[in-house]
Amino acid sequence: MSYKAEKEAFVGNLNGTTVTEIALINASAPLAVMLRAVAIPWLFGQVYCKFNIGFRFLLDFCLLVLPTMLCVTILADNTIALLSGGVSMVLSLLVFSDRRSKPSKPTQTQSVSLQTILERKLSEKVPFVTNYRAYANIATAVCILAVDFHIFPRRFAKAEMYGTGLMDAGIGSFVVSNAIVSPEARGKYRMARSLSGKLSNVAQSVKSTAPLWVIGLSRLVAVKALDYQEHVTEYGVHWNFFFTLAVVRVLSTAVLQFTGAGMSGLLSLVLAVQYQFALSNQGLLEFVLHGSDGLDSRRGFLDANREGICSCWGFLAVYFAGVELGKFIFKKRSIVQQWLVGCVQLLVCCGVFWVLLVLCEEYVEPVSRRTANLAYQLWMMVYNIQIIGSMLLVDLVVVIAAELRLVKREYSPRIWAEEKTADDSKEAVPTEQQLPDWCVLSAVNRNQLFFFLLANLLTGAVNLCVDTLRAEPFMAFCIVFAYMLQLCNVAVVLHARNISLKFW
C-alpha cells in the first residue's frame with residue numbers, strides 16, 4: 001500500500017463517537033473562558049494591564065487554546081477529569097478571591113442586592129458571540145492537523161456514512177457561525193423590490209464570496225498537483241469545504257430576496273423536511289451513496305461531486321436555522337435579567353433539539369454529515385446552541401461575580417462591559433476594555449477566513465514534511481502545539497496592528 005493510500009485509509013471507514021462525549025468536549029471552551037476571567041485578576045491583579053503583548057498572548061494561549069488541544073489529543077480519554085479539575089480551579093479561585101479581597105467599605109458586598117444585579121445595564125457588544133465564533137475556528141484548526149496523528153482518537157475523525165465524529169461538526173459550525181452574524185440575523189438586511197435590484201443583490205453576494213471560490217479552486221489545484229491525500233466520499237472528487245460555504249451563502253441570498261428574512265425559520269423547516277423526504281423516499285440517498293448507475297461511478301461532474309452538491313441543500317437549511325438563532329441572540333436586551341432569561345431560553349431550546357435528534361435517529365435516519373440529513377441538521381443546532389448558551393452563561397456568571405466583588409472587574413479581561421451611568425466613578429483603573437484588545441479570541445474572530453486558510457496551508461506543509469502516521473505521541477503533540485502557537489501568534493499580531501485582511 002502506498003503512503004497516500006495509507007493516509008487515506010487512516011481517516012476512512014470510521015463511525016464517530018457519541019453526541020454526549022462531543023458535548024463534554026465542547027464544555028471545555030466556555031470553562032476555559034471562565035477560568036481566564038477569574039484566574040488573571042487573582043494571579044496578577046493590576047500588574048496584568050502592564051504586561052507586554054507577548055506575555056499576555058502566552059497566558060491566553062495556555063488558558064484558552066491549550067485545554068481544547070488536550071481534550072482532543074493526549075487527554076481525550078480523561079475529559080471528565082479535565083473538566084472537573086477546571087471547575088474546581090474556578091470555584092477555588094472565587095472562594096479565595098473573596099477571602100483575599102479587602103474592600104474599602106466593609107459592608108460593600110452585603111449592600112449589593114439581587115435586584116441591583118439583575119437590573120445592571122450591559123453593553124450592546126456581546127462578547128459570547130465573539131468567543132463562540134473564535135472557538136469554532138480554533139477547534140477546527142486543531143483537528144485538521146491532529147487528525148493525521150495517532151494522538152487524535154479515530155472516533156473524533158469524520159464518520160464515513162453515519163455517525164457523529166467531532167470533525168463532522170466543523171462545516172456545520174462554520175455555516176451557523178456565519179449565519180448568526182449575517183445581515184439577515186442582525187436586522188440589517190434590505191430586500192430589493194424590483195427584479196433588477198434582487199438580481200443585483202445576488203450578484204453582490206457572488207462577488208462577496210469570491211475569496212471562497214478562489215481558495216476552493218486553489219485548494220483543488222494544489223491537491224491534484226501535489227497528489228495530496230484526499231477523502232473522496234467527504235465532498236467528492238473536485239468539491240470541497242470552501243465551495244459549500246460559497247454556494248450556501250449565494251443560495252441563501254437568492255432565496256431571501258423573494259421571501260424576506262422573516263421567513264428564515266419556516267424556510268429552514270420546509271427545506272429540512274423536503275430534503276429528508278427526497279433522501280428517504282425519492283432515491284436521493286441511493287444516488288449519494290452509489291451514484292447514478294448504482295455502481296459508485298464518478299463519471300461526470302454531478303456524479304463525481306454528488307456528496308458536496310447534494311449536501312448543500314441540507315446546509316442551506318442549517319443556515320436558515322442559524323439566521324433565526326442569530327435574530328434571537330441580537331434581539332434587543334439591555335440588563336442582566338433579560339440576558340438571564342435569554343440564556344435559559346437558549347438552553348431549553350437546546351434540550352428540545354436534543355430530544356428531536358434522539359427521535360429522528362430512532363425513527364427516521366441516523367446522523368450523516370455526508371448527506372447533511374435532517375438528523376445532522378438537528379445535531380448542528382444542538383451542538384452550536386450548547387456552545388453559544390454556555391458562553392453566554394459564563395459571561396453572565398462572571399458579571400454577577402464581579403458585582404459581588406468575587407472578581408475584580410477592573411483587572412479581569414473581557415468581562416462584559418457595563419453601560420456607563422452618571423453614578424459610575426470617574427477614576428477608573430486602565431483595563432483591557434480600554435487598552436487594545438489583544439485577546440486571542442478577538443484576534444481569531446477578526447480574521448477568520450485568513451486564520452482558517454493559514455491553518456490549511458500549515459497543515460499541508462506539515463503533512464508533506466512529516467511522516468504523521470509514525471510520529472511518536474510526544475513529538476506529535478509538540479508539532480500540533482507549535483502549529484497552533486504560530487497560528488494564534490499571527491492572528492494576534494495582525495489584530496494588535498489593527499489589520500483586517502479582506503480580499504474583496
Side-chain angles (χ1 to χ4, degrees), residues 4-5 7-14 16 136 140-141 143-145 147-148 157-178 209 211-252 275 278-279 284-292 296-319 367-373 376-377 379-380 449 452-453 455-457 459-460 463:
K4 177 186 175 184
K7 296 197 89 170
E8 289 174 349
F10 187 59
V11 296
N13 299 312
L14 302 172
T140 303
C143 291
I144 61 174
L145 177 60
V147 69
D148 295 317
K158 291 177 180 177
E160 185 67 25
M161 180 56 201
Y162 293 112
T164 52
L166 178 61
M167 292 188 70
D168 286 316
I171 185 167
S173 293
F174 270 83
V175 169
V176 174
S177 174
N178 291 334
T209 57
L212 294 173
W213 295 108
V214 172
I215 295 170
L217 286 170
S218 300
R219 187 185 188 282
L220 171 62
V221 171
V223 166
K224 301 301 180 183
L226 296 171
D227 197 28
Y228 193 78
Q229 70 268 12
E230 52 185 330
H231 196 183
V232 173
T233 57
E234 185 178 349
Y235 293 107
V237 177
H238 312 102
W239 205 267
N240 59 50
F241 169 92
F242 299 101
F243 291 149
T244 295
L245 288 183
V247 167
V248 168
R249 183 66 190 123
V250 173
L251 286 178
S252 66
Y275 181 50
L279 285 171
L284 185 59
L285 178 61
E286 194 66 20
F287 168 70
V288 172
L289 292 180
H290 304 296
S292 56
D296 200 24
S297 68
R298 293 283 174 178
R299 296 176 183 175
F301 183 79
L302 182 59
D303 257 331
N305 302 285
R306 54 185 183 266
E307 293 91 350
I309 294 172
C310 293
S311 63
C312 285
W313 192 349
F315 286 117
L316 185 60
V318 173
Y319 184 88
V367 172
S368 173
R369 179 214 46 81
R370 187 173 171 183
T371 61
N373 61 358
Y376 179 82
Q377 296 163 34
W379 178 44
M380 282 302 91
L449 182 57
F452 186 66
L453 174 59
N456 275 268
L457 292 174
T459 296
N463 272 276

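The shown structure was predicted, so the numbers you read here are calculated from the model rather than taken from an experiment.
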Point to revise | Stepwise side chain to side chain contact (heavy atoms under 4.5 Å, CB included) test for T140 and S173 | key: CA-CA 9 Å; T140 303; S173 293; 5.9 Å; no

If I take atom [atom1] from residue [X] and atom [atom2] from residue [Y], how far apart are they, to the nearest 0.5 angstrom?
{"X": "E307", "Y": "L289", "atom1": "CD", "atom2": "CG", "answer": "8.0 Å"}
{"X": "D148", "Y": "N463", "atom1": "CG", "atom2": "CG", "answer": "4.0 Å"}
{"X": "R219", "Y": "W239", "atom1": "CZ", "atom2": "CH2", "answer": "14.0 Å"}
{"X": "F243", "Y": "W213", "atom1": "CZ", "atom2": "CH2", "answer": "7.0 Å"}
{"X": "Y235", "Y": "L220", "atom1": "OH", "atom2": "CG", "answer": "14.0 Å"}
{"X": "N456", "Y": "I215", "atom1": "CG", "atom2": "CD1", "answer": "8.5 Å"}

Review point. Are a donor atom and an acceptor atom from the side chains of Y319 and R249 found within less than 3.5 Å of each other?
Key: yes

**Study point:** S368 and N373 side chains, donor-acceptor separation under 3.5 Å
**Key:**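 No, no side-chain donor-acceptor pair sits under 3.5 Å.
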
Point to revise | Donor-acceptor contact below 3.5 Å, side chain E160 vs main chain G12 | key: no

Check your understanding: Under 3.5 Å, side chain of N305 to main-chain N/O of V237, donor-acceptor pair present?
Key ->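 Between the backbone of V237 and the side chain of N305 there is a qualifying donor-acceptor contact (under 3.5 Å).
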
Point to revise | R369 and E234 ion-paired at < 4.0 Å | key: no

Review point. Below 4.0 angstrom, N of the basic side chain to O of the carboxylate: do R306 and E286 qualify?
Key: no

Exercise for review: Carefully, step by step, assess R298 and V232 under the rule side chain to side chain contact (heavy atoms under 4.5 Å, CB included).
Suggested key: CA-CA 10 Å; R298 293 283 174 178; V232 173; 3.8 Å; yes

Shortest non-hydrogen contact from [X] to [Y]?
{"X": "I171", "Y": "Y376", "answer": "CG2-OH, 3.8 Å"}
{"X": "D168", "Y": "A157", "answer": "OD2-O, 4.3 Å"}
{"X": "N240", "Y": "G216", "answer": "ND2-O, 3.0 Å"}
{"X": "C312", "Y": "V247", "answer": "SG-CG1, 3.8 Å"}
{"X": "S311", "Y": "A372", "answer": "O-CB, 3.7 Å"}
{"X": "L285", "Y": "M161", "answer": "CD1-CE, 3.7 Å"}

Check your understanding: After noting the C-alpha distance and the side-chain angles of D303 and F287, does the key distance pass the side chain to side chain contact (heavy atoms under 4.5 Å, CB included) rule?
Key -> CA-CA 8 Å; D303 257 331; F287 168 70; 3.2 Å; yes

Exercise for review: Measure from the ring center of F315 to the ring center of Y275 and say whether it is less than 6.0 Å.
Suggested key: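 So the answer is no for these two rings.
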
Exercise for review: Compute the centroid of each ring, for F452 and then for F242, and state whether the two points are separated by less than 6.0 Å.
Suggested key: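 Between F452 and F242, the centre distance is under 6.0 Å.
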
Review point. Is E230 close to K224 at the side-chain level, that is, under 4.5 Å between some pair of heavy atoms?
Key: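 Side chain of K224 against side chain of E230, heavy atoms only: contact under 4.5 Å found.
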
Review point. How about R299: does its CZ atom have over 12 heavy atoms from other parts shown lying under 6.0 Å from it?
Key: no

Review point. Is there a side chain to side chain contact (heavy atoms under 4.5 Å, CB included) between E8 and H231 once you walk through the steps?
Key: CA-CA 6 Å; E8 289 174 349; H231 196 183; over 6 Å; no

